[in-house]
Amino acid sequence: MPTGFFLSFLSLLMFTCATALDRNESKPGCQSKCGNITVPYPFGIGEKCSIAKWANITCNTTFNPPRPFYSNLEVVQFSQTEIRVKTPIIASRCYLQSGALDVARPPVTSYLTLLNTPYTFSSIKNKIIVIGCDTLGLIEGTMGHGGSADFNYSGGCISLCRRTEDVTEGVCSGIGCCQTTIPKGLNKFTAATTSLKNHTQVWSFDPCSFTFLAEQEAYKFKKSDFSNISSLMDVPIVLNYAVGNQTCTDAKKDPTTFACNDNSHCNDSVDGTGYLCSCNNGYDGNPYLDQGCQDVNECEDLNNNPCEGNCANTIGGYNCSCPDDFNGDGTKNGTGCTKKNKKFPVLPVMLGTGFGFLFVLVGGSWLHLTVKKRKNFKLREKFFQKNGGLLLQQQLFSHEGGVESTKIFTAEELKLATNNYNEQRILGQGGYGTVYKGTLPDQRIVAIKKSKIIDESQLGQFINEVVILTQINHRNVVKLLGCCLETEVPLLVYEFVPNGTLFHHIHENISARTSISWEVRLRVAAETAGALAYLHSATSIPVIHRDVKSANILLDNSNTAKVADFGASRLNPLDQTQISTLVQGTMGYLDPEYFHTSQLTEKSDVYSFGVVLAELLTGEKALSFERSQEQRNLATYFTVSMKENHLFQILEVGIVNEGKIEQVHAVAKLAKRCLNLKGEERPSMKEVAAELEKLRGFEKHSGVRQSNENIIGFASQEGDLYDSPLESYSDSAFVYSIEKEMTMSMLDGPR
Ligand SMILES: *[C@@H]1O[C@H](CO)[C@@H](O)[C@H](O)[C@H]1NC(C)=O
Ligand SMILES: *[C@@H]1O[C@H](CO)[C@@H](O)[C@H](O)[C@H]1NC(C)=O
Ligand SMILES: *[C@@H]1O[C@H](CO)[C@@H](O)[C@H](O)[C@H]1NC(C)=O
Ligand SMILES: *[C@@H]1O[C@H](CO)[C@@H](O)[C@H](O)[C@H]1NC(C)=O
Ligand SMILES: *[C@@H]1O[C@H](CO)[C@@H](O)[C@H](O)[C@H]1NC(C)=O
Ligand SMILES: *[C@@H]1O[C@H](CO)[C@@H](O)[C@H](O)[C@H]1NC(C)=O
Ligand SMILES: *[C@@H]1O[C@H](CO)[C@@H](O)[C@H](O)[C@H]1NC(C)=O
Ligand SMILES: *[C@@H]1O[C@H](CO)[C@@H](O)[C@H](O)[C@H]1NC(C)=O
Ligand SMILES: *[C@@H]1O[C@H](CO)[C@@H](O)[C@H](O)[C@H]1NC(C)=O
Ligand SMILES: *[C@@H]1O[C@H](CO)[C@@H](O)[C@H](O)[C@H]1NC(C)=O
Ligand SMILES: *[C@@H]1O[C@H](CO)[C@@H](O)[C@H](O)[C@H]1NC(C)=O
């Protein structure tokens, strides 16, 4: 599939964000760095250099190089939305072999409060991490400003194991290490820890329990952390910040204090504590400084000039144009520039059989004679008829409503949109034909599929499916916008989905950083299942996809799944370049029952979807000749591993690491049911979708419960907002009450 293209598209996006102007600028006349760390405005070092007291940074020069501090928090990085601080919030509890507490290493409970500051703990980047083989991690936190809207939160997780051999380094999923998320907007955090059996059974290799908050990406679990706390001390925590204590709407009312300057806009902070400023499109710089954001001269950007033709910078944008004897809008992501020459379209000449070949022959000789437009027009009309244009028109007109969006494009329009089927516009190529990226005159970007030659006998069904597809409006189904029937083969016009296929993300994305997380995988699975269930049951005529596979699930910029290529897969020729079969579908995904009986039912899609689930869980391809004979087919390999209880040996490492074990297990069980050899015994797509949605919901709500106990009563309430010093605390005397309280409430539950 179109790997190369998507990669370059992604890097194009990234380049667009790189800038010449310095977002990291400090206020003029102020120290811009502390040691080697840049301190950008609204932060600042010293008098009048920061926007407010909460952004007042001190540079402690007793260190070499000097280090920046906010209050007593050491800051290791500043960015436009967050700061990264080094401040261990670690609770610990160590035992002697007898099970008594180790007085040489007294137990510690630890907390940090950001109350009355615009900082909150980032719920996206931080995780609570609990280490030990007989360990309960307990945490408490609050949200809000100390008013009536406050919300007290408590939660935690349990990590157990028997033998050190059972513990896998780098994997934090309940065996020796567990982790859990924190809610959004937390501004006070307390960690405590305890154990169930005083570590008596695991003491030889694990005498301590630890619970701490950390930036998840920055911490990798190691067995040596069981006894050595020192590597935990350096893991940073990410804090979100916001300017002011009001929403954008309220803050704008007072221009004297409103922090967003020229050419920038205001966004409410995600945690509801204030707002943030960012530069408008086409501008860059530091939105908090007096001069505001500056125009970016896109034309001077050597790496990423947006124009193919002439480039003229404008304030807040740019203007591309083509030289006189060229057509097009001059932009690289648009239609570019093409030399004006032949007036009529060159028809795609492809080898065909029977009818098609005849037309090509006739068409070819016509072209050779360089004939006039009229004959050309006739040819197009003929193709239009051959391709079922009349039938389609009839179908479209016989329907009331719902099909206004179906457009029959002209060959000319699509040729222009794809810059005459320019090779650089090819998104993908395969047995089905070629997909091009196109830009319509209204600047919409579309994907244009040029199918291979179609069997005349299938025409009626093809038309029927085009009509059905144009009526489907589901957020997880790629929208078919229209088609063009004037060319020798039908051209289909789809919405453009920018972020590549699921296949690509699972199998071809070598960099683990961009590989998709378990949470996204689960969401993609649920969305795909929802879309298929909708096709099976919610549309007026059930649509069976017939070719469900990870390469047919596209992802958009927010990784929302879009099922593609259904129904129209009828266009698939019985082709040699791909492993396809007489019965339609792709090897590795093909329902064995359908294969044997040729009886197509909705359950065949369920089977193929089961294979996709197995791919998501294992990171393995559906069919791989790199695997041994008995493991070649993923469906079989997966089912056998499940039967033999080897599931955890075949899961992708990252999944075990971040996935919730019970979720992963439930998805694996579901996949196994989908892969049942008997169609009847497979769940329906609707059941699959419901189950996946349920699993997703479970993740969102677990671990949060409210407590009204006034367990930790030392939050400072005095002082002006954002004015009071930060408090943090580490002491042993304090442990007892909170820990007992929390243990009780945690163990109260179903056991
Ligand atoms: C701003 O600073 C951050 C971190 O120090 C760095 O990653 C980034 O590249 C800097 N940006 C610019 C425009 O200098
Ligand atoms: C700052 O310097 C320290 C030690 O010299 C180094 O470890 C660290 O990576 C540097 N940080 C940046 C942002 O350059
Ligand atoms: C920032 O802190 C310094 C030293 O602690 C102090 O002199 C200065 O007044 C503070 N600035 C603001 C704006 O609070
Ligand atoms: C700098 O850090 C040292 C060591 O932590 C500390 O003793 C000192 O008080 C700090 N100085 C300032 C000005 O904060
Ligand atoms: C654990 O230690 C506590 C005292 O620290 C003691 O009261 C309790 O009985 C011990 N429990 C077990 C299971 O050893
Ligand atoms: C603990 O780990 C640190 C580095 O992570 C190492 O320098 C130190 O020697 C270790 N201490 C013990 C007691 O193993
Ligand atoms: C916002 O902060 C200012 C002081 O910086 C204070 O006077 C005001 O009451 C605060 N408003 C709210 C809604 O907390
Ligand atoms: C920020 O606000 C602008 C308009 O004020 C909006 O277009 C943009 O989507 C917002 N960004 C985020 C991340 O919410
Ligand atoms: C771009 O250039 C064209 C022709 O020179 C002009 O009509 C158009 O208004 C320009 N657009 C902008 C945003 O300057
Ligand atoms: C091309 O990209 C620019 C930004 O890089 C954008 O403003 C413009 O709308 C895009 N054109 C199309 C046709 O999408
Ligand atoms: C949350 O706890 C604090 C003290 O820790 C208490 O003052 C406050 O009333 C509690 N809020 C709620 C909503 O329970």
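Each ligand, and each atom within it, is numbered from 1 in the order the structure gives. For clarity, every value in this text was computed on a predicted model and none was experimentally measured.
None of Ser269, Pro118, Cys248 except one satisfies the side-chain contact (heavy atoms from CB on, under 4.5 Å) rule with Tyr275; the exception is Cys248.
Listed by number with element, the atoms of ligand 4 under 4.0 Å from a non-hydrogen atom of Thr62 are 1 (C), 2 (O), 3 (C).
Atom 5 (O) of ligand 4 is flagged as protein-proximal [any protein heavy atom, distance under 4.0 Å]. When distances from atom 14 (O) of ligand 4 to the protein are checked, a heavy atom turns up under 4.0 Å. Using a 4.0 Å threshold on non-hydrogen atoms, atom 10 (C) of ligand 4 counts as touching the protein.
For Asp268 (side chain) and Thr247 (main-chain N/O), no donor-acceptor pair under 3.5 Å exists by modelled atom type. The main-chain N or O of Ile506 is never found under 3.5 Å from a side-chain atom of Arg521 such that the two would form a donor-acceptor pair. Between the side chain of Asn261 and the main chain of Gly292, no donor-acceptor pair closer than 3.5 Å is present.
Gln97 pairs by the side chain to side chain donor-acceptor pair (under 3.5 Å) definition with nothing, not counting sequence neighbours.
When the heavy atoms of Asn72, Asn60, Thr58 are ranked by distance to atom 3 (C) of ligand 4, first place goes to Asn60.
Of all the heavy atoms of Phe63, the ones lying under 4.0 Å from any atom of ligand 4 belong exclusively to the side chain.
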